[in-house]
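One structure follows; several queries about it will come next.
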Amino acid sequence: MLSLTTQTTDTTALVAYDLYKQYGDTPVVQNVSFTIHPGEVLGLLGPNGAGKTTIVGMLYGGVAPSRGFVKLGSIQVQSDGRTARAKMGIVTQEDNLDPDFSVFENLLHFAHHYRLTGKAARNRVGELLAQVNLEDHAKKRIDELSGGMKRRLVLARALINHPHVVFLDEPTTGLDPDARQEFWKLVIALKQQGCGVLLTTHYMDEAQRLCDRLLLLQQGQVIDQGAPDELIQRTVGKEVVEIEGVDEAKLQALAAQFNTWCRPFGSGYLLALPGYTPLWDYLVAAEPQRLTRRLANLEDVFLRLTGKVLE
Amino acid sequence: MKRLSATPWGVYSVWHRHAKVYQRTWLVNFLPPVTEPIMYLIAFGFGLSPLVGDITYAGQPVSYLRFIAPAMIAIGVLFQSFFEGGYSSFIRLNFQKTWQALLTAPLSFTEVFLGDWLWAATKGMIAGTLTGLVAVAWGLYSPLNLLLSLPLMLLGSLLFGAMGLFTAGSVRQIDQINIPIFLFIIPMFTLCGTYFPRETLPPVLHAIATVLPLSSLIDLLRWNLGLQPYWWLQLLWLVALMLIFLSLAIRKIYPHLVK
């Protein structure tokens with residue numbers, strides 16, 4: 001039984017309670033509950049089709065839940081989405097920037113929707129462009145920006161209103177490693193400023209690096225949750241072994257003997273390596289074609305829980 | 001998301017965004033509604049008028065140019081508001097994802113919808129007014145006539161803008177917008193008494209043309225030449241159609257945005 005934290009006295013926390021969504025007879029999100037506190041990064045980690053984007057949609061009112069509700073402080077999103085969104089920042093998966101405007105104008109005209117106009121709006125836009133390192137590109141058109149710049153601009157747009165909570169839906173998908181690192185710095189800065197962040201991703205390193213807590217999702221359901229290190233320690237342990245060229249039956253027998261587990265992984269197998277056992281020596285003795293010993297990560301957690309590699 | 005909640009600021013803010021885009025290319029945008037009626041009036045004025053001479057409308061002889069001038073205004077209203085509501089809104093909805101971006105701001109669906117609709121109507125008004133100014137400059141329509149016709153132009157712009165938005169919400173591919181254009185807009189453009197009195201059409205076509213909304217708008221804009229005996233029915237018909245298409249457009253577009 002997963003523990004569900006849905007009651008909070010924090011007036012700026014976001015609470016999602018028992019979210020359920022079905023299209024026709026097909027449930028896509030089932031009984032998902034969580035809280036995002038100020039200064040906390042909560043990650044939704046799961047493969048494509050796990051329901052991450054649907055959950056984000058329900059958080060800001062773009063998707064109507066079949067059951068359940070979302071509250072930001074005392075504001076119920078489903079009945080007063082406009083008021084709730086005035087305190088939220090939303091970075092959707094698609095770069096829906098306005099191609100008719102320059103970088104500066106994109107932010108300036110979006111600020112207008114928050115009743116921020118004139119000098120105050122221009123000052124805020126200047127601040128944001130400096131924050132996301134786009135000051136030198138203010139006059140550029142959107143189609144002149146790189147993928148990473150566009151993502152940073154969408155983030156800046158989401159921060160116009162000094163939001164209490166920010167939703168980042170797969171914000172670094174398709175970015176090169178440098179651009180991802182750049183984006184990560186901005187997320188860490190948000191957290192340090194006390195902003196609550198919800199991050200959906202299918203990148204393990206991103207989840208492990210940025211998230212304080214994780215909800216692991218599969219087929220719309222939470223299959224486990226916790227801090228990244230805690231999840232790894234509890235589910236997999238400290239170390240794992242990747243092995244190729246050894247018969248599966250033999251590996252499964254060894255896993256059973258040492259009270260651990262073995263799963264198909266790539267062209268070989270993955271075994272959790274319990275401490276203080278001679279399992280490693282047995283594996284070496286089996287003369288595999290390839291044998292790699294490494295620290296366990298979130299991908300191993302997902303493999304252990306679902307039998308599948310996260311894509 | 002509350003579908004029906006709307007504030008004046010929210011609607012204005014969406015309209016303001018579209019107006020700012022328009023402002024960037026205002027010269028290009030102003031050209032078609034000014035040059036098109038001039039071309040038509042030159043073509044028909046110098047080309048057809050000598051052949052046609054005066055025609056009888058509402059029981060009195062009227063010069064051909066004075067007959068088609070109000071229709072040119074209606075055509076400007078029709079094309080600009082329908083194309084803005086149809087093509088431009090379809091692009092904002094499906095390619096640029098502007099609607100989706102706006103709904104991440106503190107705006108309701110209704111505000112975004114109304115902002116788009118009113119912008120489509122604004123484009124119709126701009127086109128109708130500019131065409132009207134050309135007609136005034138040509139001496140075919142008095143400035144007072146044009147001023148008093150503005151509410152009719154607004155009604156037509158709102159109706160055809162709603163039809164455009166209904167189209168944008170209904171079609172799946174941009175090319176499919178051609179279907180209502182070929183089956184509805186072009187027949188209206190040609191049959192609704194734009195270039196000749198509808199009475200010259202065969203009875204069945206005459207009946208069909210009379211119920212098409214452009215006929216009502218053109219007849220009402222010709223009020224300075226004389227109104228039809230059933231003009232109030234034409235007015236009610238335009239209002240009713242506007243409400244029907246507005247409701248249909250909301251029903252079609254809402255599911256695109258709130259799943």
Side-chain angles (χ1 to χ4, degrees), chain A residues 21-23 28-29 53-54 56-66 70 75-102 105-106 108-117 141-142 154 157-158 160-161 163 166-167 169, chain B residues 1-26 28-29 84 87-116 119 123 250-251 253-259:
Chain A
K21 180 67 182 177
Q22 63 181 48
Y23 292 112
V28 291
V29 173
T53 297
T54 306
V56 173
M58 287 192 272
L59 296 184
Y60 73 86
V63 175
S66 307
V70 179
I75 307 160
Q76 187 133 350
V77 173
Q78 277 64 46
S79 58
D80 196 2
R82 187 174 43 203
T83 309
R85 284 193 296 281
K87 296 166 188 268
M88 293 173 171
I90 300 147
V91 175
T92 54
Q93 255 185 59
E94 54 209 3
D95 287 325
N96 47 21
L97 293 161
D98 214 321
D100 296 306
F101 295 130
S102 69
E105 289 167 336
N106 254 276
L108 190 69
H109 292 304
F110 214 75
H112 194 271
H113 304 315
Y114 294 87
R115 299 181 184 235
L116 191 60
T117 58
R141 288 184 352 204
I142 298 306
V154 177
R157 191 179 69 181
I160 281 173
N161 52 330
V166 174
F167 309 135
D169 192 6
Chain B
M1 192 178 292
K2 271 185 186 171
R3 195 194 294 197
L4 292 176
S5 66
T7 61
W9 179 270
V11 178
Y12 165 67
S13 195
V14 176
W15 181 93
H16 175 264
R17 178 257 167 219
H18 301 326
K20 283 289 173 186
V21 175
Y22 184 81
Q23 205 180 2
R24 295 172 68 93
T25 50
W26 68 271
V28 177
N29 292 320
E84 182 65 28
Y87 273 114
S88 303
S89 294
F90 183 88
I91 288 167
R92 286 194 286 268
L93 187 62
N94 294 291
F95 295 134
Q96 295 184 358
K97 306 281 181 188
T98 307
W99 289 62
Q100 289 81 345
L102 291 169
L103 287 173
T104 65
L107 296 167
S108 68
F109 168 79
T110 312
E111 288 166 337
V112 178
F113 180 90
L114 290 178
D116 240 63
W119 176 247
K123 293 229 11 204
I250 290 171
R251 281 166 193 268
I253 292 180
Y254 186 77
H256 283 269
L257 298 165
V258 182
K259 310 281 183 188

Hey, which of A:E94, A:R115, A:H109 has the most heavy atom pairs under 4.5 Å with chain B?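 Maximum pair count with chain B is reached by A:R115.
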Give a yes or no on this: more than 12 heavy atoms of other residues, nucleotides or ligands lie within 6.0 Å of atom NZ of B:K97.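 Above 12, so yes.
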Could you tell me if the side chain of B:W9 sits less than 4.5 Å from the side chain of A:H112, heavy atoms only?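 They are in contact (side-chain heavy atoms under 4.5 Å apart), so the answer is yes.
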By a 4.5 Å heavy-atom criterion (distance strictly below it), what part of A:D98 contacts chain B: side chain, backbone, both, or neither?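 Just the side chain, heavy atoms under 4.5 Å.
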Closest non-hydrogen atom pair, A:H113 against B:L102: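 A:H113 and B:L102 have their closest heavy atoms at NE2-CD2, 3.1 Å.
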Of the backbone (N, CA, C, O) and the side chain (C-beta and beyond), which part of B:R17 lies under 4.5 Å from a heavy atom of chain A, both, or neither?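 Both parts, backbone and side chain.
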Treating A:R85 as the side-chain partner and B:A105 as the backbone partner, does any N or O pair qualify as donor plus acceptor under 3.5 Å?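 Flag set: sc A:R85 to bb B:A105 pair under 3.5 Å.
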For A:V63, what residues pass the side-chain contact (heavy atoms from CB on, under 4.5 Å) criterion, not counting sequence neighbours?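 Result, side-chain contact (heavy atoms from CB on, under 4.5 Å) vs A:V63: A:K21, A:Y23, A:T54, A:M58, B:K259.
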List for me each residue that meets side-chain contact (heavy atoms from CB on, under 4.5 Å) alongside A:N161, sequence neighbours excluded, and say none if there are none.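 A:N161 satisfies side-chain contact (heavy atoms from CB on, under 4.5 Å) with A:Y114, A:P163 only.
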How far apart are the closest heavy atoms of B:P106 and A:R82, and which atoms are they?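 So the minimum-distance heavy-atom pair works out to O-CG, 3.0 Å.
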What closest approach, in Å, do B:V21 and A:F101 show between heavy atoms, and which atom pair accounts for it?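 Shortest heavy-atom contact: CG2-CZ, 3.4 Å.
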Measure the shortest side-chain to side-chain distance between A:D100 and B:Q96 over non-hydrogen atoms and say whether it is less than 4.5 angstrom.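 SC-SC contact between A:D100 and B:Q96 confirmed.
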Under a 4.5 Å heavy-atom cut-off, does chain A meet the side chain of B:T7, its backbone, both or neither?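 Both parts, heavy atoms under 4.5 Å.
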Thinking salt bridges, do B:K20 and A:E105 make one under a 4.0 Å N-O criterion?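 No, B:K20 and A:E105 are not salt-bridged.
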Best-contacting candidate, A:I90, A:T92, A:D95, against chain B by heavy atom pairs under 4.5 angstrom: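 Most heavy-atom pairs under 4.5 Å with chain B: A:I90.
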